[in-house]
Amino acid sequence: MAIEHGELPGLLDRLSEAFGPQDWWPAETAFEVLVGAVLTQNAAWRNVEQAIARLRARDWLSATAIVNAPADALRECIRPSGYYNVKAQRLTAACETWLELGGEAGLQAMETGAAREALLAVKGLGPESVDDVLLYGFNRPVFVVDAYTRRIFSRVGVVPPDIGYEPLQSAFHAALPRDARRFNEAHALIVALGKDYCRPRSPHCEWCPLQPACAYGGAGVQRS
DNA sequence: CACCAGGGTCACT
DNA sequence: AGTGACCATGGT
C-alpha cells in the first residue's frame, strides 16, 4: 500500500508539542538497554523495572555476571517481568553473543547492518528488541517499530493495520531524515501517546494531539 | 472477572 | 507465507 509519507513529520511534530522532550531510553548503559529490551517483550515496563532492580541488587547487570549466574536464581530474579523461563534463556543467549562480539566496544566498532544481523541471530532477539539496542544503546539511526506504532498509524490511516515490521520501519525511514536523535524522540513520543491515549479499549480520542488528522476518533468511531 | 502490557518462537498448514 | 498456541507476571 502507498504510505502517505508526507504526513508523518507533521504528526510527529504534534506529538512533540503535546508531550515535550521524552529523553529515552531509561537505562544507563547499552547493556542495560539490551536487558530491558528482552525483559519488556510483551510485558509492562513497570514490571520490567522491578526485574532490573532485582538484577542490580545482585550486581548482575553485566554480560559476564548473567552468563555465570545459576539458571534457577536468574529465573527467580527476573520473575516480575513475566515469561521468566524463556526470558532467562533469551538473556543468557544474548549475553553469550554480546561477549563473543566483544561487548559494548565490539558492537560499537561494527557497522549497523552487521550488528543488526549478529544480534538477530540470537534466539529470543527479534527485530524490535535488536532495534532498541541499536537505537537507544548505540545511537544508530534505526527506527524502532512496536505495537503502539502500528496501532496509532493504522488508526490515523497512513498504514494498514496488519503491516509487518520491516515494511512499517521502511515507511518511517523513507519519510524522515535518517537521524538517530530524531528517531529516538519519535519512538518515545509514540509510546507516550500509546500508553496514555491511544488504547485498545479506552481510546481517549477527544484529547489526542493527532486530532483531527486521525481517522479513528476523527470519524467518530469508538468514542468512550 | 477478563483484558492488557514497549515480542518472539515454534509447530503446524 | 500465513496462522495459532504458547510463554507468565502484575495492574486496571
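In what follows, chains are A, B, ... by sequence order, proteins preceding strands, each numbered from 1. Everything numeric here is computed off the predicted structure, so don't read it as measured data.
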Considering every strand shown, what is the Watson-Crick or G-U wobble mate of C/dT12 when both distances are under 3.5 Å? B/dA2
Which part of the nucleic acid, if any, lies within contact of A/V122, taking any heavy atom under 4.0 Å across all strands shown: a base, the sugar-phosphate backbone alone, or nothing? sugar-phosphate
Rounded to the Å, how far apart are A/E76 CD and C/dT9 C1'? 12 Å
Quickly work out the A/Y197 OH to B/dA5 P distance and round it to whole Å. 17 Å
Salt bridge between A/E166 and A/R116, side-chain N to carboxylate O under 4.0 Å? yes
Within this structure, what is the CZ-to-C1' distance between A/R90 and B/dC10, rounded to whole angstrom? 11 Å
Taking atom P of C/dA8 as reference, at what distance in whole Å does atom CG of A/N42 sit? 12 Å
Can you tell me the distance, in whole Å, between the CG atom of A/D146 and the P atom of B/dG7? 6 Å
Do the non-hydrogen side-chain atoms of A/E104 and A/W98 ever get within less than 4.5 Å of each other? yes
Heavy atoms under 4.0 Å, any strand shown: does A/S129 hit a base, just sugar-phosphate, or nothing? sugar-phosphate
Side-chain N or O of A/R54 versus OP1/OP2 of C/dT9: is the shortest distance under 4.0 Å? no
So, is A/Y83 close to the B/dG8 phosphate, meaning a side-chain N or O under 4.0 Å from OP1 or OP2? no
Residue closer to the 5' end of DNA chain B, A/G124 versus A/W45 (nearest nucleotide): A/W45
Between A/Q41 and the options A/E128, A/K87, A/R90, the side chain to side chain donor-acceptor pair (under 3.5 Å) test singles out A/R90
With sugar-phosphate meaning primed atoms plus P, OP1 and OP2, does A/K123 contact a base, only sugar-phosphate, or nothing at under 4.0 Å between heavy atoms? sugar-phosphate
Would you mind reading off the distance between A/R79 atom CZ and C/dG10 atom C1', rounded to a whole angstrom? 12 Å
Give me the distance, rounded to whole Å, that separates C/dG10 from B/dG8 when you measure between the P atoms they each carry. 22 Å
Select from A/C198 and A/Y165 the residue whose nearest nucleotide in DNA chain B is closer to the 5' end of that strand. A/C198
Using a 4.0 Å heavy-atom cut-off across all strands, classify A/D132 as base, sugar-phosphate, or nothing. nothing
Can you confirm whether A/Y136 sits close enough to A/H187 that some side-chain heavy atom of one is under 4.5 Å from a side-chain heavy atom of the other? yes
Side chains of A/D13 and A/S16 only: does a donor on one sit below 3.5 Å from an acceptor on the other? no
Tell me the interatomic distance from A/D131, atom CG, to B/dG8, atom C1', rounded to whole angstroms. 14 Å
The side chain of A/R201 is closest to which nucleotide in this list: B/dG7, C/dG10, B/dC3? B/dC3
Could you tell me whether the phosphate oxygens of C/dG11, OP1 or OP2, come under 4.0 Å of any side-chain nitrogen or oxygen in A/N47? no
Heavy atoms under 4.0 Å, any strand shown: does A/R150 hit a base, just sugar-phosphate, or nothing? nothing
Considering only heavy side-chain atoms of A/R46, the closest of B/dG8, C/dT12, C/dA8 is C/dT12
Tell me the interatomic distance from A/L120, atom CG, to B/dT9, atom P, rounded to whole angstroms. 8 Å
Decide if the gap between the ring center of A/W207 and the ring center of A/Y197 is smaller than 6.0 angstrom. no
